[in-house]
Trainee: 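Mind having a look at this structure? Questions to follow.
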Amino acid sequence: MFTARLLAGAASALVVLALSGCSASWGCTDTTAERGEARGKVQVEDPFGRPLGVTAEVVDWRLEPHPQVPSEGDWVSFRFRFDGADEMSDPAVDACAVDEKRVALGCETVHAAEAFGPGGDPTGEAWLDVEHPEQVAGVLLIPNDQSYDRRTCEQDIKDGGGRHPPEPAVMGDQL
């Protein structure tokens with residue numbers, strides 16, 4: 001009789017643990033999406049490579065002194081736009097100034113929320129500080145949505161994990 005009660009109690013405890021999301025082995029894994037192809041106009045994609053229905057585009061770029069620090073010489077000034085984004089979503093992509101070989105000279109993440117100007121114009125402006133502005137051949141966008149902010153297994157073993165966007169692009173990356 002005691003053994004039956006003990007087994008029933010143990011089974012009940014396991015059910016409670018299972019229903020609460022607890023287990024002996026969390027099985028938490030993190031994976032990283034592959035970086036998409038950088039271009040002047042991209043379809044923004046989630047960490048699984050699925051399009052979000054949002055297009056990001058570099059409208060134009062130029063070299064000029066930054067108005068707040070003109071003594072530092074030329075920076076890369078570029079305008080960008082997001083089409084298909086709304087107030088509820090804020091996709092973000094990496095923008096990089098590149099040389100002729102598509103090597104990143106400087107990068108920054110730009111958000112769709114930064115591209116909503118007066119009158120509903122979905123265009124924003126950003127600046128990239130590069131070491132050798134004379135080498136800039138263009139500005140490219142990487143299609144991976146960097147706004148995806150799922151916790152890693154290290155941060156939260158129970159609810160973290162899953163697929164994450166690639167690391168943000170940095171100077172020296174081949175795009």
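Any value given below was found using the heavy atoms of this structure, including those in side chains, with hydrogens, waters and symmetry copies removed.
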Trainee: Return yes if some donor-acceptor pair links the side-chain N/O of Asp90 with the main-chain N/O of Ala113 below 3.5 Å, else return no.
Mentor: yes
Trainee: Would you say that Gln146 contacts Pro168 through its side chain, given a criterion of any heavy-atom pair below 4.5 Å between the two side chains?
Mentor: yes
Trainee: To the nearest 0.5 Å, what is the distance between CE (Met171) and SG (Cys107)?
Mentor: 9.5 Å
Trainee: When you look at Ile157 and Cys28, which way does the side-chain contact (heavy atoms from CB on, under 4.5 Å) test go after all the steps?
Mentor: CA-CA 6 Å; Ile157 195 161; Cys28 187; 4.1 Å; yes
Trainee: Please identify which of these residues, Val69, Leu128, Val136, Leu63, meets the side chain to side chain contact (heavy atoms under 4.5 Å, CB included) condition with Trp75.
Mentor: Val69
Trainee: Quick one: does Asp173's side chain have a donor or acceptor within less than 3.5 Å of a partner on Ala104's backbone?
Mentor: no
Trainee: Is there a side-chain contact between Val93 and Val110 (heavy atoms, below 4.5 Å)?
Mentor: yes
Trainee: So which pairs with a foot in residues 131-144 pass side chain to side chain donor-acceptor pair (under 3.5 Å), sequence neighbours left out?
Mentor: His132-Glu134
Trainee: Not counting sequence neighbours, list each pair that qualifies as a side chain to side chain donor-acceptor pair (under 3.5 Å) and has a residue in residues 96-109.
Mentor: Asp94-Thr109
Trainee: Please report the interatomic distance OG1(Thr55) to NZ(Lys41), rounded to the nearest 0.5 Å.
Mentor: 6.0 Å
Trainee: Does a donor on one side chain sit under 3.5 Å from an acceptor on the other, for Glu167 and Thr32?
Mentor: no
Trainee: After noting the C-alpha distance and the side-chain angles of Leu52 and Asp145, does the key distance pass the side-chain contact (heavy atoms from CB on, under 4.5 Å) rule?
Mentor: CA-CA 9 Å; Leu52 298 178; Asp145 182 9; 3.4 Å; yes
Trainee: Parallel under 30°, tilted from 30 to 60°, perpendicular over 60°: which one fits the rings of Phe78 and Phe80?
Mentor: tilted
